[in-house]
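Just below is one structure, and these are the notes that go with it.
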Amino acid sequence: MGDPLEEVARNWHKSNRTWSAHHTNRILRNLEIYLFPYPGQQAITTAALIAVLKNVEEREFLEVALRLEQRLVSIMRYAVQNQIIKYNPAGRAV
């Protein structure tokens, strides 16, 4: 896996046990399409997260961008709570 953001996002995804199977699959597919291909090996920064969202917005997938932003905030909150990062770079800055 190599990509720090992808690794954190996959761990966050696995940690959610209240979603239905359909919802779980839909969220993972959404992350695979819109999140994982873009940050590459970059560190998890606000700028990297904004770049991901801008890419989705430029493709005019505005609802997807909104949901992705919400998920990024949750993923980064998970990373802080699990001491993977020190602060949430998605904390309303994105």
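Heads up: numbering here begins at 1 and tracks the sequence.
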Nearest non-hydrogen partners of Ile44 and Pro89, listed with the distance: CG2-CG, 3.8 Å
Output the distance between atom CG (Asn88) and atom OG1 (Thr46), rounded to the nearest 0.5 Å. 8.0 Å
What is the distance from atom CG of Leu72 to atom OH of Tyr34, rounded to the nearest 0.5 Å? 14.0 Å
Return yes if some donor-acceptor pair links the side-chain N/O of Asn11 with the main-chain N/O of Glu7 below 3.5 Å, else return no. yes
To the nearest 0.5 Å, how far apart are CG in Leu35 and CG in Leu5? 4.5 Å
Shortest non-hydrogen separation from Asn30 to Arg71 and the atoms involved: OD1-NH1, 3.7 Å
Do Arg10 and His13 meet the criterion of a side-chain donor-acceptor pair at a distance under 3.5 Å? no
Rounded to the nearest 0.5 angstrom, the NE2-CG distance for His23 and Leu28 is 11.5 Å
side-chain contact (heavy atoms from CB on, under 4.5 Å) partner of Val8, chosen from Ile85, Ile84, Asn82: Ile84
Nearest-0.5 Å distance that lies between atom OG in Ser20 and atom CZ in Arg26: 7.5 Å
Would you say Ile33 ends up clustered with Leu53 if hydrophobic residues are merged whenever their side chains have heavy atoms under 4.5 Å apart, either directly or through other cluster members? yes
Would you call Glu32 and Arg29 a salt bridge, taking side-chain N to carboxylate O under 4.0 Å as the test? yes
Checking Tyr78 against Asn16 for the side chain to side chain contact (heavy atoms under 4.5 Å, CB included) test, could you report, in this order, the C-alpha distance in whole Å, the side-chain angles of both residues, the deciding distance, and whether it holds? CA-CA 11 Å; Tyr78 166 87; Asn16 286 280; over 6 Å; no
Salt bridge flag under 4.0 Å for residues Glu63 and Arg67: yes
Quick one: do Trp19 and Leu31 end up in the same hydrophobic cluster if we chain Ile, Leu, Val, Met, Phe, Trp and Tyr together by side-chain heavy atoms under 4.5 Å apart? yes
Hey, is the main chain of Ala51 close enough, under 3.5 Å, to the side chain of Asn55 for a donor-acceptor pair? no
